2 protein chains.
Amino acid sequence: MDAGSRVDRVFAALGDPGRRSLVEAVAERGSATATELAAELPVTRQAVAKQLGALADAGLLQATRAGRETRYSVTPAPLEDAVDWIVSVGAAWDERLVALRRSLARATDAR
Amino acid sequence: MDAGSRVDRVFAALGDPGRRSLVEAVAERGSATATELAAELPVTRQAVAKQLGALADAGLLQATRAGRETRYSVTPAPLEDAVDWIVSVGAAWDERLVALRRSLARATDAR
DNA sequence: TTGACGCGCAACCATATGGTTGCATATAAC
DNA sequence: GTTATATGCAACCATATGGTTGCGCGTCAA
């Protein structure tokens, strides 16, 4: 999978507030199961499990089956892709800003 | 608007691949109109305009009416909120990692 | 003034999405 | 062996979302 589609999946996964708070919860606990998390949320276990699955698909969480429970833990690596995207957009914008300032300076000189 | 909901809107806006590529396009050009962008995309102007509006609502773009056209430019500030969130999640995860290593070390010492 | 250009708004549509219920399966405990 | 716990899977539902078409309104130019 190329970097582009990886970023797509990460941002899409993080796009839902519920999923983001799940990532937060798992990060704070170190690891957690769908049942644990659902116990403190106004949604069913299945809903949480579905979202955890989506986050795992995006590579943000890692699922580990331990006995009869599946524990999820954070895999922060994909987040770097997201940061990279943000940085690259910021850089492109900065370049345009610099170019704009330059052309304004030229216009001022020519005046 | 508090930081939390601001982050919500930013990530939600960035969640759609189409919107993200619009941000990229605007960042590269410095500024652009819905008509300009739609000309190079397989969608209608209205679709682009709607997405640009969503991005503007999220604070990622700024709309400026100039005569009969509306130019959009990038406002990178909200992106920092997104990075902050990512960093904070990473930090929380790191803390748990450190705590885990510490308890493992303790267990080793006790052995 | 008249026509072209660019926008914004509203209605409408197909599909995706998050959530729920119901049930079957596997593991741990008694 | 039997019961309780934890999951996974599938069907189903309401709503959100992205996109389209149609249309009316300012704005610029001939």
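A quick note: this is a predicted structure, and the numbers were derived from the prediction, not measured. Each chain gets a letter, A, B and so on, in the order its sequence line appears, and its residues count up from 1.
For B/D16 and D/dT17, the CG to C1' distance is 9 Å, given to the nearest whole Å. To the nearest angstrom, C1' of C/dT17 lies 14 Å from CG of A/L55. Between the CG atom of A/L52 and the P atom of D/dA6 there is a distance of 15 Å, given to the nearest Å. Rounded to whole Å, the distance from CZ on B/R19 to P on D/dA16 is 15 Å. Rounded to an integer number of Å, the gap from CZ of A/R9 to C1' of C/dT17 is 17 Å.
Between A/G30 and A/S73, the closest heavy-atom pair is O-CB, 3.6 Å.
Of the two residues near DNA chain C, B/E36 and A/V48, the one whose nearest nucleotide lies more 5' is B/E36. Each of B/K50 and A/K50 has a nearest nucleotide on DNA chain C; the 5'-most of these lies closest to B/K50.
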Side-chain donor-acceptor contacts of residues 10-18 of chain B below 3.5 Å, not counting sequence neighbours, with atom names and distances?
unit_1, atom_1, unit_2, atom_2, d
B/D16, OD2, B/G18, N, 3.2
B/D16, OD2, B/R19, N, 3.0

Identify all side-chain donor-acceptor contacts of residues 87-94 of chain A below 3.5 Å with residues at least two apart in sequence or on another chain.
unit_1, atom_1, unit_2, atom_2, d
A/S88, OG, A/W85, O, 2.8
A/W93, NE1, B/V74, O, 3.2

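In the set C/dG18, D/dG19, D/dG8, the nucleotide with an atom closest to the side chain of A/Q51 is C/dG18.
Annotation: side-chain contact (heavy atoms from CB on, under 4.5 Å) contacts of B/T33 (sequence neighbours excluded): B/T35, B/E36, B/E69, B/R71. In this structure B/E95 satisfies the side-chain contact (heavy atoms from CB on, under 4.5 Å) test with no other residue, sequence neighbours excluded.
The ring pair (Phe, Tyr, Trp, His ring centres under 6.0 Å) analysis of residues 25-47 of chain A, with sequence neighbours excluded, yields no pairs. Counting only residues at least two apart or in different chains, side-chain hydrogen bond (donor to acceptor under 3.5 Å, both in side chains) contacts with residues 40-50 of chain B comprise B/R29-B/E40. Each ring pair (Phe, Tyr, Trp, His ring centres under 6.0 Å) pair with one or both residues in residues 44-78 of chain B, not counting sequence neighbours, would appear here, but there are none.
Counting non-hydrogen atoms under 4.0 angstrom, A/Q46 reaches a base of the nucleic acid.
Counting heavy atoms from C-beta on, the side chains of A/L55 and A/V26 never come closer than 4.5 Å.
The stretch residues 37-45 of chain A comes close to DNA chain C through A/P42, A/V43, A/T44, each having a heavy atom under 4.0 Å from the strand. Using a 4.0 Å cut-off on heavy atoms, the residues of residues 60-71 of chain B that approach DNA chain D are B/G67, B/R68, listed by number.
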